[in-house]
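Here the structure is laid out as structure tokens; the discussion comes afterwards.
Reminder, nothing fancy here: chain letters follow the sequence lines and each chain counts from 1. Computation of the quantities below employed the complete heavy-atom set of this structure, encompassing side-chain atoms and omitting hydrogens, waters and symmetry-equivalent molecules.
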2 protein chains.
Amino acid sequence: MNIRRLADHLNISIGTVSRALNNRPGVHPETLEKVLKAATELGYVANQSGRSLRRGATNTIGFVIETGHPAHQAGDQFFYVVLDAMNLYLAEQRYDLVILPCHSADDPVEFLSRVIARGIVDALVMTATRRVDHRIAQLAKSKLPFMTLGRSETPGNYSWIDLDFEGVARRSVQEAVKLGHRRIAVGLPDNDVALGYHYKAGYLKGLAEAGIPVDESLLIRVPTSELGGFSLGKQVAGMAGQPTALLLCSEVTAAGVYAAFAEMGIEAGRDISVVAFRENPLMRFLNPAPACFRLDLDALGTRLGETVLDLLSPDEEIGRRRGEIVPLTFVQGKSLQPPRNPA
Amino acid sequence: MNIRRLADHLNISIGTVSRALNNRPGVHPETLEKVLKAATELGYVANQSGRSLRRGATNTIGFVIETGHPAHQAGDQFFYVVLDAMNLYLAEQRYDLVILPCHSADDPVEFLSRVIARGIVDALVMTATRRVDHRIAQLAKSKLPFMTLGRSETPGNYSWIDLDFEGVARRSVQEAVKLGHRRIAVGLPDNDVALGYHYKAGYLKGLAEAGIPVDESLLIRVPTSELGGFSLGKQVAGMAGQPTALLLCSEVTAAGVYAAFAEMGIEAGRDISVVAFRENPLMRFLNPAPACFRLDLDALGTRLGETVLDLLSPDEEIGRRRGEIVPLTFVQGKSLQPPRNPA
DNA sequence: CTGTTAGCGCCTTCAT
DNA sequence: ATGAAGGCGCTAACAG
């Protein structure tokens, strides 16, 4: 079923049918109704290729994920919830959302070249942003509008939304210090992902404010995974001058840390305080409950949708590229308690 | 950059350029080389809309997910690993993979109508299959080839791949019975998802083989989530005639069950034996280690890719629709031990 | 308000 | 081995 057959069926021209279907002005109300009715009955939906070719736009937003990247194996439903809310918003604005998976054996930059050149989307949302991100340089050269979830230091004409990793780290230090902690360890990602740098910056700022000197041995880099968390827990608990608190920049590592502690007979809070990152359903099942930070995933998804569509606005002010930092709320938990021998 | 500009740049016709780029026979080797070189240099990639419109095919496979559906919030990296392997295979066959997310406020059937009619993919992989699945009826009416991950009872001309839920349940019963268990409870999904029926069938078969009468109160339906598992654990532990073993058809519920047991001072294996479903990284951190089943996600992803491309084969035998059940391997764990008071 | 028509980028058939 | 030209389905500009 194409527009010609639909038009023939109605004995009118394809031009009128097209106008009717696209809500263009200047169609007789009666004709409009007839067209819409017939389209529904015959199950007509405009062919995307024809429309895109003609319009030079696809009305589709691409969400790029790297299926091999640890940020996406983070486990819980983070992306599902965010995507759901984002998709809902985009649908209201008559945009489609497709997820473009870049597999682990592919080069992310080449992958993007193809996406850009083939013109399958009008704008992109990038994830797993690195501090220095070649994909951003690549996109900046093209004319395809894009935004990133996560800041990068690579310049370019794009918008971004980032979680307040720096604020979370700083607040975590403050909460620990308030209870008397002075030897505070931190688990950081072992790759170039941007959030690691911001988290570290917040940690350092927090220490500086409290007048605590930095001990490099307390900055521990591990893979962002359960296993990484396990290793982190073992390392921290086995250190010569055992820290009294441990801060985490990822929720998946928390389970690993708890498991390592369990094996060693260490209890979070009582022996070593733990501040996790994002509150998630799994945390409900860690005992004692981890102190962590709450994030409205639904609002984040909607905001992503708004921001990416703003990129396409002809209005210069709306279309202006902008950055936005999403705050998280501290949630008290039994994993954070005064140290046994306050300094 | 389009094919015309590339052709002009080379001072040859677009027909020749197209032939060269598509590996068609009858292009002078020298010309071929020149074209490929220029295409790389100028960053030319065929526009997808133009190509699709002309060819009537997109060289793209769609993977449909429902972002609001519990099957996808299952937590761990199941889909990421499967998608990565599938994508890799498809890329080798020069196909692209896109993920099409159907959001929770959308009607899955309407969503598919749009996907079908707009012609954005050549074939679909469906997930979260229901026992009675309207989407399958819908797709069967269309001419779009598709396959499902998970069987359904809805008829249609499609291929499917399913995990051996029935075999897993039956084997779980056998292992429990072998150790002396007779009161064996089972956690089932509280919705129409197909796997629940197969798991139940295997459970019943296992009981029948062991000559154990069915006690309906031991079939417990809970949401497929950590919280559902938590509720399940509480129910099982609190029952009048407490079961000595509990079988799970989903890995996410395991964490919840363990948490519920922990709160009640019950230890898996010692007090109530537990057989979980799929072995995953998180299980590493449940204590005592759950008995479960191993699945090669990588192989599953590749197999999905092969199966979906087979649908498009002009060779009648290769293109034949077929069903395939993927076996899982039993992995012993300390959560499965003889009951304290063997029957 | 409606009909006609050009052309988006590409591939393929036909002619050379 | 290459060039020329039609047409996939659609929308927008123009003519009526």
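If you measure from atom CG of B:Asn59 to atom P of C:dG9, you get 20 Å, rounded to the nearest angstrom. Distance CG (A:Leu6) to P (D:dT11): 11 Å, rounded to an integer number of Å. Here the P atom of nucleotide C:dT4 and the CD1 atom of A:Ile12 are 12 Å apart, to the nearest Å. A straight line from CG of B:Asn23 to C1' of C:dC10 spans 17 Å, rounded to a whole angstrom. To the nearest angstrom, C1' of D:dA12 lies 15 Å from CG of A:Leu21. A:Arg4 has its CZ atom 13 Å from the C1' atom of D:dT11, to the nearest Å. Protein atom NZ of B:Lys34 is 14 Å distant from nucleotide atom P of D:dA1, rounded to whole Å. Look at CZ on A:Arg118: it is 13 Å from C1' on C:dC10, rounded to the nearest Å.
Within a heavy-atom distance below 4.0 Å of DNA chain D, the residues of residues 44-57 of chain A found are A:Tyr44, A:Ala46, A:Asn47, A:Gly50, A:Arg51, A:Leu53, A:Arg54, A:Arg55.
Classification of the B:Phe63-B:Phe79 ring pair by plane angle, with boundaries at 30° and 60°, yields perpendicular.
Between the side chains of B:Asn59 and A:Arg118, no donor-acceptor pair is found at a separation under 3.5 Å. A donor and an acceptor atom, one from each side chain of A:Thr154 and A:Asp133, are nowhere located under 3.5 Å apart. For the residue pair B:Gln48/B:Thr58, the side-chain donor-acceptor check at 3.5 Å is not satisfied.
Atoms CZ and CG, on A:Arg303 and A:Asp298 in that order, are 14.0 Å from each other to the nearest 0.5 Å.
Distance from the side chain of B:Arg19 is smallest for C:dT13 among the nucleotides C:dT13, C:dG3, D:dA1. Each of D:dA12, C:dC1, C:dC11 was ranked by its minimum atom distance to the side chain of A:Arg24; first place goes to D:dA12.
Between A:Ser13 and the phosphate of C:dT4, there is no side-chain N or O to OP1/OP2 separation shorter than 4.0 Å. At the phosphate of C:dG3, OP1 or OP2 sits under 4.0 Å from a side-chain N or O atom of A:Thr16.
Direction of the helix axis in the helix from C:dC1-D:dG16 to C:dT16-D:dA1 shifts by 40° between the two five-pair termini, rounded to 10°.
A salt bridge does not link A:Arg130 with A:Asp192: none of the charged nitrogens is closer than 4.0 Å to a carboxylate oxygen. With salt bridges taken as basic N to acidic carboxylate O contacts below 4.0 Å, one links B:Glu41 and B:Lys37.
In this view, A:Glu317 and A:Arg320 satisfy the side chain to side chain donor-acceptor pair (under 3.5 Å) rule, not counting sequence neighbours.
Comparing A:Ile14 and A:Pro25 against DNA chain C, the residue whose closest nucleotide sits nearer the 5' end is A:Pro25.
Smallest separation of non-hydrogen atoms from B:Ser113 and B:Gln138: OG-NE2, 2.7 Å.
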